[in-house]
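Some notes on the structure that comes next.
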Amino acid sequence: MCGIFGITTNQNKPVGKIALEAIKRLEYRGYDSCGIVTQYESQLLVKKDAGKIEEINQRIKLDDFPNGSRLALAHTRWATHGPPTKINSHPHLDCDDKIAVIHNGILENFIELKEEMLSKGHVFKSETDTEIIPHLIEENLKKNVDLKDAVVNAVKKCKGAYGLAICHADYPDTIIAVRRESPLIVGIEEGKTTYCASDIPAFLPYTRNCYILEDDEIAILKAGTVEFYDVYNSNFPKKKDLHHVEWSMDAAEKGGYEHFMLKEIYEEPDALRRTLKVTNDSLKDFAKSLLSAENIYITAAGTSFYAALAGKFIITKFLGKYIQAIECSEFKTELINSLEKDSVIIAISQSGETIDLIEAIRWAKDYQASVKILSITNIVGSSITRHSDKILITQAGPEIGVAATKTFVTQVLIQSLVALEIAKLRKIESQNEIQKYYDALHSIPEVIERFLTKSVDLIKYIVRNLEKNLNFFFLARGISIATAKEGGLKLKEVACRFIEGYSAAHAKHGPISLVREGYPIIFIAPPDETYERLVGNLMEFKSRGGKIISLVVEDDKKIGDLSDITIRIPQPGDKYHSLFSPITFVPALQLLAYYAALEHNLDPDKPLNLAKTVTVH
Ligand code: G6P
């Protein structure tokens, strides 16, 4: 969940400044403390502290290092072991201040290793698991091995997850990067500068050429060169493919918007347009695997799980088979006695790194080797792709805001495209009918564009109106329960309000007792097969004094007329568009959460205690 960055160069570059800018671009991975180390005249110079990067920088000028420095490591932390304090922030050093380590992940056996090192006389300063690494390396270097082997032998003793970048005061241009289960990418400007980072945006202003480190690979970075080895076969270098990243720098920067979250909501139409171009062959491949499956599961975490709930609904409509949705953290517990060998699992993750999801699919494969994993992710080369039989990549582009926005809509869209491939293969609908669903999908970017152009003031007005109420809820039926849950999650994440998305029918069994005169309830009401029943639910709340806010399509009459405030999504009220309503309705709720965060003076890009990529259980 932390962000790590390293640079080694033979150019006259301000490495401290570059490192600082890089961790600012990684701040969505964690932002409770940070630090930078540079190597200069056989010494390590460290600056670190607790707080947000910009605050710390104002206090201690994080990037102010001597000019001749050619190497730096930088870290932005999401605390796991030890509270966010200066002492616990990274980098961590050995006893002689010669070795510096930054780490993303969790070392499970650090207590045993720490006891071993303490018994050998090492002195620890922090409460972190990370600090064990520089001491293990220091200990290994006493045995006259070189730095690479000292690192290899150190990580071989560690259990758990790590993306590590390491430097040594006596190795002026060397960074060692090694990973297991935590992402690490190496970027390169041939012959000049080499970078490592937990995410591509960190070095995107300088290079688009990169290598993706796999589990148990180690990279030796020098200025403008890199060599790769396997941790468990570290005598001979190995070849790796160079990737060229298509993402533009614009996409990874705020570009005039106040926050990434807002910018990324406004990028949804283009993200959807790109995703609409995903090739038919890969969609058809996915569709065929689902058609031949006996048992199908869909699993994910957070926003991706709500995208899965929407997607399962859309796919099931054309597939004619039940798909069971299970949160990835519960996957093994739920299926340990029943996962059949001919099962297919759809796994969804924007980052492709969520540890609970990786663990769920790895367990499934170990338990039944013939199980097939179909994954949907936004990140080429991410961990999930290594455990998958088939992969679909959403084309959302880099998403920096901690709260997922454009990845949600593209995840639902790509599942919708799979659903239509299934419809074609099964020939259960006429060509003409299927085309109408495609037309609806292709009109979505414009629908969202029109909504974003004309409805912002209304959303701000609703936020001010809701402000007085400490709680309210979203109610819906059918596929819109996924929309309601995602709306509730967004408000929890960025506006720190425990707002729930709930089944409108089920709300009679509890939540209705909260309703008093003027109590707000937001009804999500596309004109689908649940609409008439939802009108009935709405009346139950209205007759108890509830203040009804509704989210409906443009030409809606009934629910719109019954509501105190109506948000209208400019889309046709037919069944073709309604099936995909989570894609067009959720942006309204994202915007609501965004402005609610501002109303509460909260930074929507850096919600308290959250991180974008969750690599701990
Ligand atoms: C974190 C993020 C959420 C995200 C969830 C799942 O909680 O803050 O925005 O939905 O992880 O992440 P994934 O990368 O697997 O989609």
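When a ligand or atom number is given, it counts from 1 through the structure's own listing order.
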Tell me the residues surrounding ligand 1, counting only those with a heavy atom closer than 4.0 angstrom, sorted by chain and number. A301, G302, T303, S304, S349, Q350, S351, T354, V402, A404, E493, A611, K612, V614

By ring-ring contact (aromatic ring centres under 6.0 Å, His included), which residues pair with H243, not counting sequence neighbours? none

Distance, nearest 0.5 Å, that separates CH2 of W78 from CG of N104: 11.0 Å

Got a list of side-chain donor-acceptor pairs under 3.5 Å for residues 206-215, not counting sequence neighbours?
| residue | atom | partner | partner atom | Å |
| --- | --- | --- | --- | --- |
| T207 | OG1 | I188 | O | 2.8 |
| T207 | OG1 | N209 | N | 3.0 |
| R208 | NH2 | W247 | O | 3.4 |
| N209 | OD1 | H244 | ND1 | 2.9 |
| E214 | OE1 | R386 | NE | 3.2 |
| E214 | OE1 | R386 | NH1 | 3.4 |
| D215 | OD1 | R179 | NE | 3.1 |
| D215 | OD1 | R179 | NH2 | 2.6 |
| D215 | OD1 | E181 | N | 2.7 |

Would you call E27 and K24 a salt bridge, taking side-chain N to carboxylate O under 4.0 Å as the test? no

For D605, all residues meeting side chain to side chain donor-acceptor pair (under 3.5 Å), sequence neighbours excluded: none

Would you mind checking if R273 and E268 are paired as a salt bridge, meaning a charged N to carboxylate O distance below 4.0 Å? no

